[in-house]
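These values consider heavy atoms only, across backbone and side chains, with no hydrogens, waters or symmetry-generated copies. In what follows, every chain begins at residue 1, and chains take the letters A, B, ... in the order their sequences are listed.
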There are 2 protein chains.
Amino acid sequence: MKKEKSRVTSYNVAKLAGVSRSAVSRAFTPNASVSLKTREKVNIAAKKLGYHPNVMARSLITKKTQLIGLLMADWENPFYASTLKKYSEKLQKENYQTVLATINENSDINTSIEFLMQYQVDGIIMLSALPSKDLVRKCNQKHTPIVLVGNSSKELNTCTVNIDHNAIGENLAALALNLGYRRFVMIRGDKNIESGIQRTESFSKVIEKKEEGKILANLTDILGHDEGRNAMADIIKIDPELVICSSDLTALGVIDGARIDYNLEIPRDMAVIGFGDNPISSWGMNRLTTVQLPHEKLIDESISCLIRRINNPELPPKNIELLSDIITRDTTRKLMQ
Amino acid sequence: MKKEKSRVTSYNVAKLAGVSRSAVSRAFTPNASVSLKTREKVNIAAKKLGYHPNVMARSLITKKTQLIGLLMADWENPFYASTLKKYSEKLQKENYQTVLATINENSDINTSIEFLMQYQVDGIIMLSALPSKDLVRKCNQKHTPIVLVGNSSKELNTCTVNIDHNAIGENLAALALNLGYRRFVMIRGDKNIESGIQRTESFSKVIEKKEEGKILANLTDILGHDEGRNAMADIIKIDPELVICSSDLTALGVIDGARIDYNLEIPRDMAVIGFGDNPISSWGMNRLTTVQLPHEKLIDESISCLIRRINNPELPPKNIELLSDIITRDTTRKLMQ
DNA sequence: CTGAAAGCGCTTACAG
DNA sequence: CTGAAAGCGCTTACAG
């Protein structure tokens with residue numbers, strides 16, 4: 001069987017340094033009441049033995065693990081790699097480590113959350129467009145702070161950091177009308193995702209109010225390049241002036257379909273707007289007009305919300321809404337002056 | 001200050017179930033010697049109280065945390081999001097949780113590794129093209145199993161799972177010559193990364209041996225779409241028949257540069273081969289000929305290597321080399337029959 | 001500033 | 001199969 005790992009404990013360090021285990025503990029606690037001399041003795045001994053405090057044992061006492069659970073549901077998002085990286089780095093800077101948990105068909109949200117709970121994470125960041133009342137209830141019950149990122153349901157009694165999708169819908173409508181477009185097709189993925197619903201509704205509200213333009217079709221369950229390209233078979237029959245997609249990848253697919261399969265010129269024959277400002281979207285022939293999300297801010301706000309909540313559980317939860325910009329490139333016509 | 005979390009402990013469950021804490025512990029240990037009746041009583045009480053064993057306390061005794069550290073250095077790789085997801089899911093299936101650690105300019109490898117060590121991770125998976133002898137030495141010293149993924153240095157006394165880059169270089173050369181190309185330009189990123197060196201060397205060895213063809217230039221420190229596109233300014237002067245890139249993104253940039261900035265037709269005027277088979281590479285006009293890496297296998301092998309090592313530390317480390325396929329699409333000419 | 005002692009929540013020989 | 005007891009490695013009042 002497994003050979004026993006011979007761990008270096010505070011006892012060993014204490015003995016070598018000629019002090020008590022309390023002193024060793026204090027030497028590793030910032031601002032603890034230890035003399036500089038003791039601290040130095042301990043540090044030398046610790047270095048010699050390769051000692052690091054056992055966080056597990058510590059957390060048993062302090063009831064803090066310095067562990068943050070990162071729950072991610074929507075892995076299709078092409079930004080997730082860099083998002084993950086940034087979370088991990090920024091949390092590390094705040095002295096937290098990141099425990100990753102995945103949600104998918106096989107492992108449901110309950111399993112994941114229970115895993116995280118067993119590890120006594122100090123808090124949870126949930127990245128998902130899906131609502132999760134059960135999750136929030138469970139966390140509140142266990143007094144584990146959680147912040148919901150990118151989930152647009154506001155009634156929940158917890159911290160949320162969101163993109164203001166209503167504003168996006170309105171801005172999109174204003175821009176579209178301004179550019180002279182009147183016949184629209186909207187495309188999005190999962191039809192139940194709140195953010196897409198909000199954008200679509202606020203878009204159409206503006207259009208109705210101004211009594212200009214018309215949404216010819218509202219296509220759903222279309223996500224990603226290939227589905228976008230395939231969707232052109234339907235779109236071509238509808239013949240819109242502008243196609244607005246819920247993802248840059250979908251938009252790029254639509255453009256490929258339009259150009260390659262139907263020989264359209266973009267934006268002359270048809271304009272396209274994406275969502276997300278994927279790095280790809282500015283490449284070569286793509287030059288996609290799209291919505292640029294405040295990723296960095298989303299991350300920063302969610303981390304600071306969570307940490308604030310961890311340190312002051314009695315504070316009321318914050319609900320933050322972030323604004324986005326529209327980047328105008330070459331898949332929509334230029335504004336006439 | 002922080003309100004005390006009122007934790008449910010095994011003591012509470014024991015009391016409610018009318019058994020000892022030992023019994024509670026056993027009820028949560030698979031194959032422990034408990035009667036079915038006791039186990040059921042415990043389960044009912046646990047459910048009623050919302051009890052989950054505290055993994056931190058458990059790990060103090062068992063010396064196993066069921067935590068795996070995932071160290072990632074090369075975040076440019078566009079596959080990292082899905083790689084991360086798969087690791088997390090597969091480890092979860094094996095009853096491990098993933099702790100993420102990042103390496104970058106700010107947080108060096110030592111800081112990250114010490115973080116992981118403090119959390120007493122049972123093992124570490126290091127995803128990086130960079131060599132890391134120090135890391136391996138440190139892990140061996142602490143008896144923490146580590147497997148190096150995608151790092152081609154073989155002498156290290158640890159488990160490694162790699163792509164066989166020599167084979168790729170040879171296959172690339174054979175294909176290139178077969179297709180009738182003779183004048184090559186090679187492009188890669190960081191010139192010190194072993195995998196790129198190996199591919200380049202084995203490629204040129206084949207060419208020299210066959211006394212056919214010539215590498216006109218070996219460009220380094222070029223990575224990603226934009227740098228690839230810019231590199232066309234130099235490439236156009238060299239006028240190669242085939243450009244071989246160390247990344248699909250670079251290749252796509254070269255193609256954009258060739259088409260848009262220099263009006264070349266691909267592959268008629270110049271052929272391009274990428275590396276990695278990024279999903280983008282099969283899209284629309286891209287249709288990139290590229291090297292398809294065995295991602296899934298890389299992940300599976302590294303996990304099983306690590307778990308084997310965790311369970312049997314005395315076993316000698318394995319060094320696994322995986323083979324890759326070349327996907328021929330439309331950025332190279334077709335083979336004449 | 002310092003150390004002895006208690007205790008965090010768990011598991012595991014041990015004895016029955 | 002079961003429970004009392006010891007102990008994992010740490011921190012933190014407490015008394016000095």
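Within residues 35-48 of chain A, no residue has any heavy atom closer than 4.0 Å to DNA chain D.
Residue A:T9 is in sugar-phosphate contact alone, with no base atom involved, counting any heavy-atom pair closer than 4.0 Å across all strands shown. Using a 4.0 Å heavy-atom criterion, one finds that A:F28 contacts no nucleic acid atom at all. Contact annotation for B:S33: base contact, defined as any heavy-atom pair under 4.0 Å involving a base atom.
Using a 4.0 Å cut-off between charged nitrogen and carboxylate oxygen, A:K90 and A:E296 count as a salt-bridge pair. Residues B:E114 and B:K138 are paired through a salt bridge, judged by an N-O separation under 4.0 Å between the basic side chain and the carboxylate.
Between B:A32 and A:Y51, it is B:A32 whose nearest contact on DNA chain D lies nearer the 5' terminus. Of the two residues near DNA chain C, B:V55 and B:R26, the one whose nearest nucleotide lies more 5' is B:V55.
At a threshold of 4.5 Å between non-hydrogen side-chain atoms, the residues A:V99 and B:T98 do not count as touching.
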If you apply the rule side-chain contact (heavy atoms from CB on, under 4.5 Å), what do you find for A:L71 with A:L135, and how did you get there? CA-CA 11 Å; A:L71 253 174; A:L135 175 60; 4.1 Å; yes

Quick one: do B:M117 and B:C139 satisfy side-chain contact (heavy atoms from CB on, under 4.5 Å)? Show the steps, please. CA-CA 9 Å; B:M117 293 287 191; B:C139 286; 4.0 Å; yes

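A donor-acceptor pair shorter than 3.5 Å cannot be found between the side chains of A:S59 and A:T62. In this structure, a donor-acceptor pair under 3.5 Å is present between the side chains of A:T65 and A:D122. Judged by distance alone, the side chains of B:Y87 and B:S302 do bring a donor and an acceptor atom under 3.5 Å apart.
Going from the P atom of D:dT2 to that of D:dA6 covers 22 Å, rounded to whole Å. The separation of C:dT12 from C:dG16, taken at their C1' atoms, amounts to 16 Å, rounded to a whole angstrom.
In this entry C:dA15 has D:dT2 as its Watson-Crick or G-U wobble partner, both defining distances falling under 3.5 Å.
The outermost nucleotides of DNA chain C lying under 4.0 Å from heavy atoms of chain A, listed 5' to 3', are C:dC1 to C:dG9.
The shortest heavy-atom contact between A:T158 and A:R309 is OG1-NH1, 4.5 Å.
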